[in-house]
Protein chains: 2
Amino acid sequence: MPVALDGTDLAILAALVEDGRMTNAALAARVGVAESTSAYRVRALRESGVITSINARLDLGALGHPIHAIIRVRLGSHNREHVYNLYDKLVDVPGALTVLHVGGNDDFLMHVAVATPGELRDLILEHVTVHPVVRQTETQLVFEVRDGRGVLHR
Amino acid sequence: MPVALDGTDLAILAALVEDGRMTNAALAARVGVAESTSAYRVRALRESGVITSINARLDLGALGHPIHAIIRVRLGSHNREHVYNLYDKLVDVPGALTVLHVGGNDDFLMHVAVATPGELRDLILEHVTVHPVVRQTETQLVFEVRDGRGVLHR
DNA sequence: TTTGAAATAAATGCTAG
DNA sequence: CTAGCATTTATTTCAAA
């Protein structure tokens, strides 16, 4: 799945990762091409799937969900159907931010945001351990989340 | 830190989380207000920090980083200075997507994307375990990442 | 692929309710 | 806080290189 990307593409990607709402005019000026060119490149990057989406990110604390946790989920059966079905359900849990399917001691890692500790408990009891295929969960409180520098290092 | 948000605000947030590049005209039509009103609301949501940023999301596989992993980092000392200094360094590791500071058995969870297994090994050796305060790491391969439904459930 | 310039579309500023 | 309208700004289209 690797796509051929030149320096202009990488500059566009870096700019849009930083500010996804940058105007095309500003983008063109920043990467040094005509506006029609940057518009063309951005469209190509979206159509080819290199840019998967452009989304707003929210302050979940301001939205009343200040408590973040990681829930490590271990299964009792690794039957393919069971695993995939559970994945679909975990992704659909209210408050689930991201769900990773991983190898190793755990099967899934859920990053969740909730309003209160009680809500976290209920989330786990009502939406995670309620599934018979879940054998064990382990929950870690998240103190802080920070974005890393990503893969666009130059 | 909770902010008073009405239904219009929540509808705007949901729309921009889905498509952060939606035009203001489309947003106004979707939430049922005048364009000048939705523009005003969006600006207020950004200025109040409810919308923290709008960013492009990339297909890291297409960018040549198809391998994702979670690196669980445990420290030998929990001196405040050590912890904060290390956090700064982990966030700055090339390929680091997100770094969580957590409570429990681990101290940090790093979500990283790399090109090859060898690169993952080098990342850990050169950027993580190289710090004397790091006592142990444990690495889990990530099979798949999916977004959850988030906190805007209605 | 890239570009400039024209045509279309959208955002902003201003006024008032 | 909301809306309508005029002005300014941005995006899209397209023929040409």
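The figures here come from the full heavy-atom set of this structure, side chains too, leaving out hydrogens, waters and symmetry mates. As the structure is a prediction and not an experimental result, all values here were calculated from the model. Letters A, B, ... are given to chains in the order of the sequence lines, protein chains preceding strands, and every chain is numbered from 1.
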Could you check how far [atom1] of [X] sits from [atom2] of [N], rounded to whole Å?
X: B:Arg46; N: C:dA11; atom1: CZ; atom2: P; result: 13 Å
X: A:Arg30; N: D:dA10; atom1: CZ; atom2: P; result: 17 Å
X: A:Leu5; N: C:dT1; atom1: CG; atom2: C1'; result: 15 Å
X: B:Leu27; N: C:dT12; atom1: CG; atom2: C1'; result: 15 Å

Could you check whether [X] gets within reach of a base, just the sugar-phosphate, or nothing at all, counting any heavy atom under 4.0 Å?
X: B:Arg43; result: nothing
X: B:Ser36; result: base
X: A:Thr37; result: base

Proximity to the side chain of [X] - top-ranked nucleotide from [options]:
X: A:Glu35; options: C:dT3, D:dT2, D:dT11; answer: D:dT11
X: A:Tyr40; options: C:dT2, C:dA11, D:dT12; answer: C:dT2
X: B:Asn24; options: C:dT3, D:dG4, C:dA11; answer: C:dA11
X: B:Arg41; options: D:dA3, D:dT2, C:dA11; answer: D:dT2

Checklist entry - Thinking salt bridges, do B:Asp106 and B:Arg74 make one under a 4.0 Å N-O criterion? => result yes
Checklist entry - Looking at B:Arg41 and B:Asp6, does any basic side-chain N land under 4.0 Å from a carboxylate oxygen? => result yes
Checklist entry - Between C:dA10 and B:Arg21, is there an OP1 or OP2 to side-chain N/O distance shorter than 4.0 Å? => result no
Next on the checklist: Surrounding CZ of A:Arg146 (heavy atoms of other residues, nucleotides or ligands, distance under 6.0 Å), is the total greater than 12?
Outcome noted: yes
Checklist entry - Hey, does B:Arg57 have a side-chain heavy atom less than 4.5 Å from the side chain of A:Asn55? => result yes
